[in-house]
Amino acid sequence: MTTPVLQVNELQVSYHAHSGVVPAVRGVDLEIAHGETLGLAGESGCGKSTLALALLRLLPPTTKVTGSILFAGKDILTMRPGEVRAIRWAQASIIFQGAQHVLNPVRTIGRQIDEASETHGMNRSGGVAELLEIVGLGARRAKDYPHELSGGQKQRALIAMALACDPMLIIADEPTTALDVMIQAQILQMLEEIKRERGLSMLFITHDLSVLSQIADRVAIMYAGRVIEVGAGRDLLREFKHPYSIALAASFPVIGDTASRRNPRGLVGDPPSPNDLPSGCAFHPRCSVAIEKCRSTDVVLKSVSKSMDRRVACLHFGGQSD
Amino acid sequence: MSWRYLLKKVGGAFLTMAVVVVFNFFLFRIVDRDPLAKYRGRSKLTPEQRETMIRRMGLEGSKWDQFVVYVKSVFRLDFGRSFDSTQPVLEEIKMRLPATLLLVGVSTLLTIFIGLYIGTKAGWRRGSRFDKASTSASMVLYSTPEFFFGMLLLAFVAGRTGWFPTGGLRTVGADHDFVGNILDRLHHLVLPMLTLTLGYLGSYALIMRTSMIETLGEDYLVTARAKGLKDSEVMSRHAVPNALLPSVSLIAISCGYIIGGAITTETVFSYPGLGLATANAIQNNDLPMLQALFMLASAAVILFNLIADIIYAFLDPRVKRVE
């Protein structure tokens with residue numbers, strides 16, 4: 001078996017706030033093979049974006065990160081700053097959410113894309129023009145400033161930027177969240193094509209499960225800083241096992257089913273604050289099938305079927321309740 | 001930057017100047033109802049003399065006639081004669097302008113560069129020892145009037161050590177060659193320049209620090225770091241160009257204060273520039289001189305703001321759209 005492009009073991013991230021230590025990611029294991037797309041889904045605040053930034057050590061220096069993050073077998077958490085910079089963008093790049101202020105407003109798109117390859121001493125033959133053509137923006141947009149692009153165009157520019165150094169892995173952090181459905185579909189299709197042509201691996205972070213069915217080979221669902229269910233994309237999205245996954249899926253209206261649109265079965269209550277996590281299974285206060293034991297037992301991911309690589313962190317599965 | 005933008009800003013500057021010219025006409029008629037009051041004390045004017053003076057100063061006829069005469073002479077840069085020296089005001093100003101331009105020019109450049117550098121560094125390394133030290137120092141500098149520094153420098157550096165002259169533009173009566181003359185003038189410039197620079201450095205540093213800190217939380221800095229840029233590159237290419245934007249207009253405004261600072265500083269060091277001339281004119285009720293000096297100071301402030309608008313358009317591409 002070949003080394004995975006990215007292997008994350010026991011990753012813990014905690015912020016140091018005035019109120020004390022706030023755990024945002026609480027022991028996550030992930031693995032992404034060559035050419036594979038892992039979809040990572042969860043509500044806002046479940047730690048998925050923190051995870052994305054932690055992978056390239058982009059969190060503020062006061063943040064505590066433990067565990068290991070292996071890029072092609074090397075742990076980025078033990079590297080010197082210079083080595084980390086060499087990994088950034090060259091081996092793994094990030095597609096940020098374009099709606100946010102992620103592009104420098106006073107520099108042209110072209111310069112910002114060029115800067116990435118320049119930093120890593122890569123002189124692409126086609127340069128910025130080629131990258132902009134790939135994402136369907138047209139070479140002439142290189143001279144434009146971010147404010148001259150629409151939301152969808154900005155997202156395309158960010159994808160072009162992520163490709164600048166031919167990375168092995170792309171971390172897409174909610175790349176389609178702020179776009180309307182038509183543009184969203186176009187961007188997803190384009191990502192899918194680029195990924196296939198270049199044999200890229202991808203970590204696709206979203207809160208929208210419907211997007212994952214289109215793009216993910218495997219899916220991991222996160223809740224309160226932990227992965228609570230993981231499995232092959234089609235298999236998992238066809239039938240969720242963890243009560244949280246089921247509830248998350250049910251909160252999206254089903255097309256054609258007007259009843260579900262008028263009254264989506266949302267989750268009761270709010271996601272727990274990382275300051276004050278419930279004991280045992282973090283989901284138990286909102287869970288409809290919680291039993292007394294859920295309050296006290298620390299649940300871990302367990303395989304639920306031998307044939308498929310499906311693991312669930314719930315007492316009701318994998319014989320944990322016994 | 002578009003021509004339309006430039007034209008609009010230059011037009012605005014001229015309009016502001018026009019308002020200043022009109023305002024000045026009324027200001028000096030409110031200040032003193034009898035412009036010849038100053039002559040009352042010295043010697044009695046005969047009615048004929050009085051008539052002549054009034055005609056020469058353009059004070060005859062209705063207010064509207066006077067206003068027309070005034071505007072015409074302003075356009076001819078004719079501000080009359082100084083009550084004090086009886087020389088034409090324009091000549092008096094021309095004579096003193098170079099000294100003040102040198103003092104204010106050098107001090108402004110020093111303040112901007114040193115102030116922005118300190119502010120940038122302090123803001124980028126927020127909470128560091130450099131930040132704490134420089135911010136406290138900037139606060140002290142900011143809250144102390146510049147003439148107080150001048151007096152301290154005068155008493156302790158010039159007076160005690162004798163390293164620097166206590167005032168003047170050059171050594172009177174000294175016979176220098178060309179180079180020696182320049183060195184002598186620079187020697188006289190050091191303390192007034194230091195006074196003005198120290199007096200306004202603090203505010204620039206504090207302004208830049210604040211905009212730097214506001215920039216620190218921006219997402220595009222995370223993008224820049226994710227691309228593998230060094231810390232120094234993230235700062236110089238992404239943080240500073242954005243942090244400069246709010247600073248530019250604030251700095252232009254405070255450039256106007258430096259002109260005010262020149263009045264007190266030149267007075268402390270008896271530095272014979274326009275600042276000292278202003279102080280003297282105020283003391284002697286030299287209205288023609290004051291009128292011209294006020295107009296010049298206003299023009300300087302308007303010019304600084306125009307320059308800031310132009311620089312701003314170069315720094316921020318979004319300005320093009322905002323018309």
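Every chain is numbered from 1, with letters handed out A, B, ... down the list of sequences.
Dense packing is recorded around CZ of Phe130(B), with more than 12 heavy atoms of other residues, nucleotides or ligands lying under 6.0 Å away. Summarising the local packing, OH of Tyr142(B) is surrounded by 12 or fewer heavy atoms from other residues, nucleotides or ligands at distances under 6.0 Å.
At a 4.5 Å heavy-atom cutoff, the contact between Leu53(A) and chain B is made by side-chain atoms alone. Looking at Thr119(A), only its side chain comes within 4.5 Å of chain B, counting heavy atoms on both sides. Heavy atoms closer than 4.5 Å to chain B are found in both the backbone and the side chain of Leu58(A). Within the 4.5 angstrom heavy-atom criterion, only side-chain atoms of His120(A), from C-beta onward, approach chain B.
Within residues 209-247 of chain B, the residues having any heavy atom under 4.5 Å from a heavy atom of chain A are, by residue number, Glu218(B), Asp219(B), Tyr220(B), Val222(B), Thr223(B), Arg225(B), Ala226(B), Lys227(B), Gly228(B), Leu229(B), Lys230(B), Arg237(B), His238(B), Pro241(B), Asn242(B), Leu245(B).
The stretch residues 239-261 of chain B participates, sequence neighbours left out, in no salt bridge (Lys or Arg N to Asp or Glu O under 4.0 Å) pair at all.
In terms of non-hydrogen atom pairs under 4.5 Å with chain B, the most contact-rich of Arg57(A), Glu115(A), Arg111(A), Met161(A) is Glu115(A).
Pro317(B) and Pro105(A) get closest at one heavy-atom pair: CG-O, 3.4 Å.
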